[in-house]
Amino acid sequence: QALSTLDQHPITLPEKPALEGLEAKWTARWEADGTYRFDRNHARHEVYSIDTPPPTVSGSLHVGHVFSYTHTDVIARFQRMRGKAVFYPMGWDDNGLPTERRVQNYYGVRCDPSLPYDPSFTPPETPGKQAVSVSRPNFIELCTKLTVEDERAFEHLWRHLGLSVDWSHTYATIDTRAQRVSQTAFLRLLHRGIAYQLEAPTLWDVDFRTAVAQAELEDREQPGAYHRIRFARAEGGVVEIDTTRPELIPACVALVAHPDDERYKPLFGTEVTTPLFTVAVPVKAHTLADPEKGSGIAMICTFGDLTDVTWWRELSLPVRAVVQPNGALRPVAWGSPGWESRDAARAQAAYDQLVNLSAAKARTRIVDLLRESGDLVGEPRPITHPVKFYEKGDRPLEIITSRQWFFKTIELRDELLARGHELAWHPDYMRHRYENWVNGLSGDWCVSRQRFFGVPFPVWYPIKGDGTVDYEKRIVPEEARLPIDPSTDVPDGYTQSQRNQPNGFAGDPDIMDTWATSSLTPQIAGGWLTDADLFGRVFPMDLRPQSHEIIRTWLFATVVRAAREHKSLPWTNAAISGWVLDPDRKKMSKSKGNVITPMALLEEHGSDGVRYWAASGRPGTDTAFEPGQMKVGRRLAIKILNAAKFALMQASPRGAITEPLDRGMLTALSRLVRNSTAEFEAYDYARVLEQTERFFWSFCDDYLELVKARRYGDFTAEGAASANSAMLVALSALLRLFAPFLPFVSEEVWSWWRPGSVHRAAWPTPEEIVDAIGGEDEAAVQVFTQAQAALGEVRRIKAIGKRPVKAAIDRAVLPKQFLPLEPAAHDFRAAAHIRDLVFEHVEELQLTFAEPVPESRA
RNA sequence: GGGCGGUUAGCUCAGUGGUAGAGCACCGGCUUUACACGCCGGCUGUCACAGGUUCGAGUCCUGUACCGCCCACCA
């Protein structure tokens, strides 16, 4: 800011500046003043909009959240100071299994979707031993009630951390608006044939009893064992297969080997008989069979793994399913249609020992049976192998045939790759994860879950006269009716009494995958459907901040939905945060028991101190949890208080900035501002902090120390005026450079002498700084930088005091380096902390100042 | 098996072809009138390894090793 404007405000300094209490003071003030309120009276290009990740409120916030949300806030504050109207909403992810589990335990209830809504229901005071069954709407009410309390605690923490969120723009992924967006988008996809229903083998969690999507899988290395099993050949003899899942022998529908495998070529087209159950199954050829694995020939079961599904589909095999949704083997009447056996009595006798056992228990049992029957060759050979798990599950996934909703995504692959290319990634290499995922998509997106707390599918089905549900004839509501819950709401033309009756209707029992709703966060937060004016000003958004492990889920799904609904990207930039690692280099997480309460950290180190540590983490880079860095940040904040106090405590006289040291410092500062702005534009906030901090410490330790005597008036009034004015110009710019990182201390110091909030002040420009000295002063920069270097040398002379002074100066004060210092010589002579030693020998120094400059350096 | 990062001081990490850096930790000195929550100084390096390009490589290229993450078809 120009010198003249710096003169316009009175300076009010506290006796003893301190960080304590700044969070409470300024969060209240910012709220009262609406400092971070989004002003929608701006066109799209004047807006910077952020698709804030909605944290899962049923969990607790941990230091990883503080880390990544600080990154977003730093960017938001920068953009705001650059003059953008920043749209920075906050969402709460309260939709999904984690909340559901928490509510069940907290209130002692269980959701039963067949029950009618009870408006007068209140949960028991203390959860009873027996869970109380409640309707889905009642269950959702309890979820909402509990999450509201969680959200309050989260908001308090976020405010204390200093997030510059506009708290009038909040949403929850289960709230009415989100449900309406989610259901509307679903119905539109349904009408366009992009959402479809299919009865098909699906990955299934037997504990949660729900389908899960490809994106929610993880592989875990599990102990297992190869079992070599004999199948009887029709013409006599046996064929041996290896399997890790012998309990699925009753579900075996074929054997398969590679078409080029000479060992098994003679068997293709023949039948073999399964052990124990004596079922005749064909031997087939398929290229997915690996001759190197096991005995080279595999058993196909319905269904042991995803390869089984592929074989089953491509080889047109029948289904013989034994695993139930709860993971136990279902009762089977051997000899009945589909379960034909050469010896049904023997099959039944064997199977009766397995029925209703879990897969793991059935495996143990069948091994005994196979051993007794002589069909087990040798003993099981232990191995460890990757097994697919639901990421939140405890038991391996099964594959169960069920009716599920899907969104077509495979057909979109090329467009999705193009969108990923179009998106600006920070850091850029994160785009590979997305491309990797899109290229590896193996099926359409299964979006239905057999759970309760979520957005229901807004669909009913007519029931035929014979009482069967007609899934082909869906009944869907008008968009204007949304959101609806088909388990309690009644379709037009029906009455409640016709629910689940012949010639009546049935509601779709499922809910949507949590990503099916959270993939619409830009639409939910931006007011799609409800506030077209707002939506037009914020969408597509500017920034999606998120962590890298959910690129394949949240980021991917959001890109899919925007491509479908808006034919665009949902945002132009994706900023990917790394993880916080504990001292063992492991990701900090609740399960590992190494999580530190964020509020305790903020109280110990101050929000600015914690933010300093967080903002030092570069985009995408995993960062060690390091309280030491928080202490450093806290010290920096304290230093800012004290340096500002020094600059402001005797801020007159003021006047033209004439001294070379002052002019050089400001020119260097203008270059810092130029670089910082470019780095911030490139989302490299950590570098801005690092370089600003470096400049600031030198500003304190070198510049302020050198000009101290001059500003106190030891020389001329003009010299003092030059120093005072330069310090004010520098302080103004430095405070604004620090403001995105250290919002509390910056605001505190700003309030001593500047009007308004620093967070609404204009981001500094190189021009405003050099304007104060009438343009860049390159010669003065040399004085300034040489002064910094020379000061270091001079300090060493002092420290080496025991050596002969002449030798020390010869070593340290390289004459050629000192030439540009002559204009600052009086500052050097006056600098208190070096005066005592060095300038006893001022004669020597003056001699060195007089050395001519070598040609090579001129 | 495929992909992506990383490897620099005891620790955490910057380093954008041109004399190896910062902070922390450690050791020593200093009540110095903004700050002892401060200031000053010191110690600490086969820049993972091997080749190559270049006048010059921590930096660019090739390969190897190790660490981490993402993905993949569980016989």
Side-chain angles (χ1 to χ4, degrees), chain A residues 13 16-19 217-222 224 226-227 229 241-246 248 255-257 288-290 293-301 303-311 383 385-389 396-397 399 427 429-437 439-440 442 548-549 551-552 578-579 581 583 585-587 613 616-618 620-629 631-632 634-650 686-687 690-691 693-694 697 700-701 704-705 708 712 791-792 795-801 831-836:
Chain A
L13 290 183
K16 175 81 179 163
L19 297 180
L217 307 183
E218 64 183 32
D219 283 356
R220 296 182 198 161
E221 281 293 327
Q222 295 285 303
Y226 277 129
H227 304 74
I229 307 292
I241 61 109
D242 276 318
T243 180
T244 56
R245 300 204 58 185
L248 292 180
L255 299 190
V256 65
L288 276 182
D290 181 356
K293 255 186 182 171
S295 60
I297 185 165
M299 118 180 136
I300 304 176
C301 304
F303 297 92
D305 62 33
L306 290 173
T307 319
D308 281 342
V309 178
T310 306
W311 282 328
I383 55 163
H385 59 159
V387 178
K388 287 202 187 312
F389 280 73
L397 291 170
I399 296 170
Y429 60 75
M430 285 294 176
R431 71 173 66 249
H432 295 292
R433 304 227 179 171
Y434 172 87
E435 286 168 4
N436 213 343
W437 175 253
N439 280 321
S442 61
H548 52 67
E549 83 273 21
I551 288 174
R552 63 169 176 165
W579 283 339
L581 304 178
R585 311 301 295 165
K586 299 283 186 224
K587 182 192 177 189
W613 160 76
S616 305
R618 284 169 159 66
T621 305
D622 294 345
T623 299
F625 174 74
E626 223 190 331
Q629 282 300 104
K631 292 191 172 75
V632 171
R634 183 181 171 80
R635 277 182 28 204
L636 172 62
I638 292 169
K639 191 76 174 176
I640 291 171
L641 288 177
N642 286 307
K645 181 183 165 195
F646 172 77
L648 296 170
M649 65 191 293
Q650 188 183 310
R687 180 182 288 275
E690 182 193 343
Q691 302 199 344
E693 181 193 16
R694 185 188 303 276
W697 280 107
C700 292
D701 297 341
L704 291 184
E705 292 297 337
K708 191 176 278 181
Y712 279 136
L791 200 48
R795 283 166 179 154
R796 272 184 281 277
I797 295 172
K798 183 184 174 190
I800 312 168
H833 65 284
I834 52 178
R835 176 170 47 195
D836 58 340

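In what follows, every chain begins at residue 1, and chains take the letters A, B, ... in the order their sequences are listed. All values below come from the heavy atoms of this structure, side chains included, with hydrogens, waters and symmetry mates left out.
- The CZ-P distance, from A/Arg618 to B/rG6, rounds to 13 Å in whole Å.
- Nucleic acid contact class of A/Cys700 (heavy atoms, under 4.0 Å, all strands): base.
- Taking the C1' atom of each, B/rU64 and B/rC70 are spaced 23 Å apart, rounded to whole Å.
- Dashed line: the shortest gap from a side-chain N or O of A/Lys639 to OP1 or OP2 of B/rC39 is under 4.0 Å.
- To the nearest angstrom, P of B/rC70 lies 11 Å from CD1 of A/Ile551.
- Nucleic acid contact for A/Val387: base, since at least one base atom lies under 4.0 Å from a heavy atom of the residue.
- Among the heavy atoms of the strands lying under 4.0 Å from A/Ala289 is at least one base atom, whether or not backbone atoms are also near.
- Using a 4.0 Å heavy-atom criterion, one finds that A/Trp613 contacts no nucleic acid atom at all.
- Checking the phosphate oxygens (OP1, OP2) of B/rC4, no side-chain nitrogen or oxygen of A/Arg431 falls inside 4.0 Å.
- At a threshold of 4.5 Å between non-hydrogen side-chain atoms, the residues A/Lys388 and A/Ile399 do not count as touching.
- A salt bridge is defined here as a Lys NZ or Arg NE, NH1 or NH2 lying under 4.0 Å from an Asp or Glu carboxylate O, and A/Glu690 with A/Arg618 meets this definition.
- Close to B/rC71, at under 4.0 Å from its OP1 or OP2, lies a side-chain N or O of A/Arg552.
- Taking 4.0 angstrom as the limit, A/Lys708 places none of its side-chain polar atoms (N or O) nearer than this to OP1 or OP2 of B/rU33.
- The P atoms of B/rA14 and B/rG23 are separated by 16 Å, rounded to the nearest whole Å.
- Remark: A/Ile229 CD1 to A/Met299 CE distance equals 7.5 Å, nearest 0.5 Å.
- Checking the phosphate oxygens (OP1, OP2) of B/rC24, a side-chain nitrogen or oxygen of A/Arg635 falls inside 4.0 Å.
- Among the atoms of the strands shown, none is found under 4.0 Å from any heavy atom of A/Ile241.
- Between A/Lys631 and B/rG23 there is no side-chain polar atom (N or O) within less than 4.0 angstrom of OP1 or OP2.
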